[in-house]
Amino acid sequence: MADTDPTGPVMDRDEVDRALARLGAEHEAIETSLLALQDHAGRRLLEGARLTGLTEQRWTATEASITLLWTYFDAYTDALRTARHIRSRRRWSSREDLIELTELLRGEPVTLAGSATAAVTAPAPNATAPHRLSERYSLATLVDRMNDLYASSLDMVVAADAVWSALPARIDLLAAELQRTSRLAHSVGVRPGEHPAGDDLERITRTLTRLREQVVSDPLAFWKPAEGSSAPGGGKPDTTVYDREARALEDVRREIDAVLTVRQDAEKRIVRLRDILSRADRTLAEARTARGEVLAKIAATEVPVVSGPPTALHEQLSTAAEYRRHAQWHRLSPLLESLEQKAEDELLRARESLTAVTAPLAVRAELRGRLDAYKAKVARHGLAEDPELVERYEKARRMLWSAPCDLRAAEQAVLRYQQAATELLGGSPRVPGPGVPDDRRGPGA
């Protein structure tokens, strides 16, 4: 801007024309901006909304700023119109005209009542500091004031409009998804007070309802200005609460999907559980039968006790079937997961019991097989009628085929027959031990 000191030199005609051209361009730019602000969708929404909190405070001040903007602009327009009129009176302006134009263009030709700026410049809503009755402004000062007021007003309008454009629509979409999830949850028995996911859905519903009301009435409470940015509308909507609830809903939806999977596979999983427990029962029954046989046929042997059928697991399986009949999928899901692991463990335990119980019979069978194998070997060499071998064979055979069988004595008898056969066949005597593991020779072996 040129020097605005009215005591300065009088402007010549060219300076006046250049100043008028510049001021005219500024006037056109300011008018365009004011009209755009007047037609801004955010401003119209702010005018018709029921505002609260920070937005209500800011909008009250912004309305006063916009009113003052138009007051400044009207005064600026009048001063510019007067200057143009004086310049247009003569092609060659007289000195009196130039002095008057210099005063208009460089001086403080605009006088406004102090009340016009009081609402904007007051330091606080209840400020009681006296205001001047009137204030004088130069055209350059008016332009600076208008630029500042426009920037602050546009910043407030753009911020509110950005929040309203972004958050309510997203909240509505999330609320629609929430309704679909809630209906699905209700269909599988996930309800508030009965399942944690049902309580979460109820809480998310309350939070989204409250969030939407707050966003509509106080959008600036959800605006994060950009750090270091002075441009109007620099920043972005604060979606912290929305994002948190969206993640919570996604967690609930995954849990509902898991419950739906249970509903689809429940019958197959229950049938499989029945089959596993049935096999465990049959295995335990076989182990109990085998234990009686071992006690009757094997002497001096510690035989493990076989437990009864898994009654608790059968009861839980019946409970699972009840849950399925009554569509209580949210209860069925964790019960099936627990039962599947327990049933597998029970089947493994039953098989281990059968193995432990039948170990002495396996040892006896191994000794019988070894005795017959050596007898066949001896027969192939024509030594089957040897008196010593026959005697030792018959002794070992009586021990192995008698009941109860003394495994320790029978093993020693088999080893003696084996040694005698080896000596007759010309081989070196076999060292006892590797034939039967120590833990399979019975007590005292």
Side-chain angles (χ1 to χ4, degrees), residues 40-43 45-46 48-60 62 154-264 328-335 337:
H40 197 287
R43 189 199 64 80
L45 288 173
L46 284 165
R50 293 182 179 180
L51 303 176
T52 60
L54 177 62
T55 307
E56 182 182 20
Q57 297 173 11
R58 288 280 305 276
W59 177 237
T60 299
T62 300
L154 182 63
D155 181 73
M156 188 271 169
V157 170
V158 169
D161 185 55
V163 173
W164 278 336
S165 299
L167 274 178
R170 294 174 68 180
I171 293 172
D172 290 342
L173 289 174
L174 189 61
E177 180 63 26
L178 175 63
Q179 290 181 355
R180 288 192 292 270
T181 303
S182 297
R183 288 194 296 268
L184 189 60
H186 192 273
S187 70
V188 296
V190 176
R191 298 179 177 86
E194 298 181 7
H195 192 279
D199 297 334
D200 289 340
L201 288 174
E202 193 174 53
R203 182 194 58 76
I204 295 171
T205 301
R206 291 195 304 268
T207 302
L208 287 184
T209 301
R210 184 171 59 253
L211 177 63
R212 196 184 193 287
E213 293 173 354
Q214 292 172 344
V215 167
V216 169
S217 66
D218 190 10
L220 294 187
F222 299 89
W223 178 253
K224 295 173 65 175
E227 295 183 4
S229 174
S230 59
K236 62 180 181 180
D238 183 358
T239 61
T240 302
V241 177
Y242 169 86
D243 294 338
R244 184 188 68 216
E245 299 308 316
R247 289 192 298 269
L249 180 59
E250 181 62 28
D251 292 340
V252 172
R253 190 159 47 230
R254 283 197 294 267
E255 189 164 350
I256 299 302
D257 289 342
V259 174
L260 282 173
T261 302
V262 171
R263 183 172 69 175
Q264 295 168 356
Q328 293 179 320
W329 311 111
H330 62 291
R331 290 194 174 97
L332 180 59
S333 177
L335 180 57
E337 291 180 3

Begin with the C-alpha distance, continue with both residues' side-chain angles, and end with the deciding distance and a verdict on side-chain contact (heavy atoms from CB on, under 4.5 Å) for Leu178 and Val252.
CA-CA 10 Å; Leu178 175 63; Val252 172; over 6 Å; no
Applying side-chain hydrogen bond (donor to acceptor under 3.5 Å, both in side chains), can you list everything that pairs with Arg183, at least two apart in sequence or on another chain?
none
So, taking the atom named OG1 in Thr209 and the one named CD in Gln214, what distance separates them when rounded to the nearest 0.5 Å?
11.0 Å
May I have all residue pairs that pass salt bridge (Lys or Arg N to Asp or Glu O under 4.0 Å) and include part of residues 209-224, sequence neighbours excluded?
Asp172-Arg212
Applying side-chain contact (heavy atoms from CB on, under 4.5 Å), name anything that partners Asp251, two or more places apart in sequence or on another chain.
Arg254
For Thr239, check side-chain hydrogen bond (donor to acceptor under 3.5 Å, both in side chains) against everything at least two apart and list the hits.
Asp243
Quick one: pull up OG in Ser182 and CG in Leu249 and give me the separation to the nearest 0.5 Å.
8.0 Å
Taking the side chain as every heavy atom from C-beta outward, state whether Gln57 and Leu51 have any pair of such atoms under 4.5 Å apart.
no
Could you list the donor-acceptor pairs under 3.5 angstrom formed between side-chain atoms of residues 197-204 and any protein atom two or more places apart in sequence or on another chain?
residue : atom : partner : partner atom : Å
Asp199  : OD1  : Gly193  : N            : 2.7
Arg203  : NH1  : Glu245  : OE1          : 3.0
Arg203  : NH1  : Glu245  : OE2          : 3.2
Arg203  : NH2  : Glu245  : OE1          : 3.4

Let me confirm one number: the CG-CZ distance from Leu45 to Arg43, rounded to the nearest 0.5 Å.
10.0 Å
Indicate every side-chain donor-acceptor pair of residues 159-167 with a distance under 3.5 Å to a residue at least two apart or in another chain.
residue : atom : partner : partner atom : Å
Trp164  : NE1  : Val215  : O            : 3.1
Trp164  : NE1  : Val216  : O            : 3.2
Ser165  : OG   : Asp161  : O            : 2.7

Mind running side-chain contact (heavy atoms from CB on, under 4.5 Å) on Leu211 and Phe222 for me, showing each step along the way?
CA-CA 10 Å; Leu211 177 63; Phe222 299 89; 3.5 Å; yes
CG (Leu174) and CD (Glu250) are apart, to the nearest 0.5 Å, by 10.5 Å
Taking atom OG1 of Thr62 and atom CG of Leu154, what is their separation to the nearest 0.5 Å?
10.0 Å
Results of side-chain hydrogen bond (donor to acceptor under 3.5 Å, both in side chains) for His40 - residues two or more places apart only
none
Residues forming a side-chain hydrogen bond (donor to acceptor under 3.5 Å, both in side chains) with Thr52, sequence neighbours excluded
Ser217
Intermediate values then yes/no, side-chain contact (heavy atoms from CB on, under 4.5 Å), Thr207 and Arg244
CA-CA 10 Å; Thr207 302; Arg244 184 188 68 216; 4.2 Å; yes
So, Glu177 and Arg180, do they make that salt bridge, N to O below 4.0 Å?
yes
